[in-house]
Protein chains: 2
Amino acid sequence: MLHLLIHMGRMEGPLTSEAAATMLGTNPVVIRRTMAGLRDAGYVRSVKGHGGGWSLTRGLDGITMLDVHRALGENRIFALGPADPDPVCLVERAVNGSLEDALQEAEALLLRRLADVTLADIAADFDRRFAALSPEDRTARAHAGQLPPG
Amino acid sequence: MLHLLIHMGRMEGPLTSEAAATMLGTNPVVIRRTMAGLRDAGYVRSVKGHGGGWSLTRGLDGITMLDVHRALGENRIFALGPADPDPVCLVERAVNGSLEDALQEAEALLLRRLADVTLADIAADFDRRFAALSPEDRTARAHAGQLPPG
DNA sequence: CCTTCATATAACAGTGATAGTTACATGATG
DNA sequence: CATCATGTAACTATCACTGTTATATGAAGG
C-alpha cells in the first residue's frame, strides 16, 4: 500500500482502483476497501466518475510509515501476545507482566522508527536505487511503467 | 505455555498432558504437539506409562523466555512484513528497505529483552504477587490449586 | 437525459493457518 | 496383560483474510 501511495505521489492526476489493482495483482474492490482507511484518515481523497480515482491530499513528506500503518487499522504489531489478557491465575499474570514489558519496549521503538520515515524519504531512496542502475536498465524499467525520478 | 513450565517447576513429579490440558482449557493432543518442540529442544522430557508425563530437564533459571519462544517455533515476531520479499519494482524495494530497517531494530531489542528474563524471574514475580495477597486470598488461591511459594 | 466511468458497499465464496478431535500405535508400570 | 500415558496421523472446525459478484450512487460528457 505504501507502494501505491508513492506511485501516486509521482503521478499527474488520480489513480483508479482498477489501475492500482493491476499494479498489485489484485482486485479493485480490495483496493477500495484498503484505501477507505486512508481516506477516512484524510491522507487520500476519492473522486467518482469520469477522470476520477484516488489522489493524495498532501505531499509524500507529510505522510509517515506510522501514519499509513495506523490508517490501515493494523494495530497488531506483534504475532506474540498474552493468551488471556486478564487471567485469574497469578502465574499467568506474572507471565503476562514480563512479556508485556518486553513487547511494549520493542513496540515503542518500532513506532518511533516508523514515525521517523516519511514516504518522501522512501521515494528518495527509490531515486538513489534508480540512479544506481545502468543506462540500459533505466530504459527497461521506464518502459515497464516505472517512472524515472523527476 | 510458559505458564505450564512454571507450574512444572513448582511441582513434584511429572505433569500429564491431560492435567495440562485441563489447566489451559484445551486438549491433551494440543499439549503434546506443543510440548514436542520443547522436548526436541531439550528443555523438557516426556515419560510414557504409569506415573509418566512431562517434567523439566533443568531449573527454571536455566530457561529464558527467548528459549521457549524459539523452541515453540514461533519465529514470526511481527504481524507486519513485506508483501513481496523480493519484488522487481524499485519502489517496492525501497519500501521494503525502510520497513525492514525499522523491524529489525525492534526485533533485536525484543529478543534481547526476552533473553534477559528466565522463568525463575517470572516465578519470583509470582511470589511477590502471592505475598501481596491478603491471608484469606492466599488460602483461597491455595485451595484452587495454585501452590504457595516454597 | 442517458450512457459511461468510477467509487461504495453488501454479500458471498475461496483459502490458509491454527486449534480441536478422533483413532490407533507404542511403550512403561504394576 | 490390563492400564496409563505419550506419539502421531488424519480429519474437522474455526477464523481471519482475500477475492468475487452484484447493486447502488454519483460525476462527466455527449
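Lettering of chains follows the sequences in order, A, B, ..., and the numbering in each one begins at 1. Worth knowing before you read on, the calculation uses all heavy atoms, side chains too, and leaves out hydrogens, waters and symmetry mates.
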Review point. In chain order, what residues pass the ring pair (Phe, Tyr, Trp, His ring centres under 6.0 Å) check against A:F78, with sequence neighbours excluded?
Key: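 A:F78 satisfies ring pair (Phe, Tyr, Trp, His ring centres under 6.0 Å) with B:F78 only.
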
Exercise for review: Identify the two heavy atoms, one from B:I122 and one from A:V95, that lie closest to each other, and give their separation to 0.1 Å.
Suggested key: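 Distance-wise, the nearest heavy atoms are CG2-N, 3.7 Å.
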
**Study point:** With sequence neighbours excluded, residues passing side-chain contact (heavy atoms from CB on, under 4.5 Å) with A:V47
**Key:**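 A:V47 satisfies side-chain contact (heavy atoms from CB on, under 4.5 Å) with A:R45 once adjacent residues are dropped.
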
Exercise for review: Tell me whether the OP1 or OP2 atom of C:dA6 has a side-chain N or O from A:S17 closer than 4.0 Å.
Suggested key: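 No.
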
Review point. C:dA8 phosphate, OP1 or OP2: any side-chain N/O from A:S46 under 4.0 angstrom?
Key: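 So the side chain of A:S46 is within the cut-off, an N or O lying under 4.0 Å from OP1 or OP2 of C:dA8.
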
Review point. If you look at every strand shown and take non-hydrogen atoms under 4.0 Å, does A:R39 touch a base, only sugar-phosphate, or nothing?
Key: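 If one applies the 4.0 Å heavy-atom cut-off, A:R39 turns out to touch the sugar-phosphate alone, with no base involved.
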
Point to revise | Atom-to-atom span, CH2 of A:W54 to C1' of C:dA6 - whole angstrom | key: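 Answer to the nearest Å: 11 Å.
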
**Study point:** Length of the line joining A:I31:CD1 and C:dA6:C1', which is rounded to integer Å
**Key:**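 Taking atom C1' of C:dA6 as the reference, CD1 of A:I31 is at 14 Å.
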
Review point. When you look at CZ of B:R70, are more than 12 heavy atoms from neighbouring residues, nucleotides or ligands closer to it than 6.0 Å?
Key: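 No, not enclosed.
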
Review point. What string of B, S and - do you get for nucleotides 15-30 of chain C, 5' to 3', when a contact is any protein heavy atom under 4.0 Å?
Key: -----BBB---BBBB-

Practice item. Please examine the side chains of B:W54 and B:T16, heavy atoms only from C-beta on, and report whether any two atoms are closer than 4.5 Å. Key: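 B:T16 does not reach B:W54 side chain to side chain.
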
Review point. Any side-chain heavy atom of A:P87 sitting closer than 4.5 Å to one from A:N96?
Key: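 With C-beta onward as the side chain, the pair touches.
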
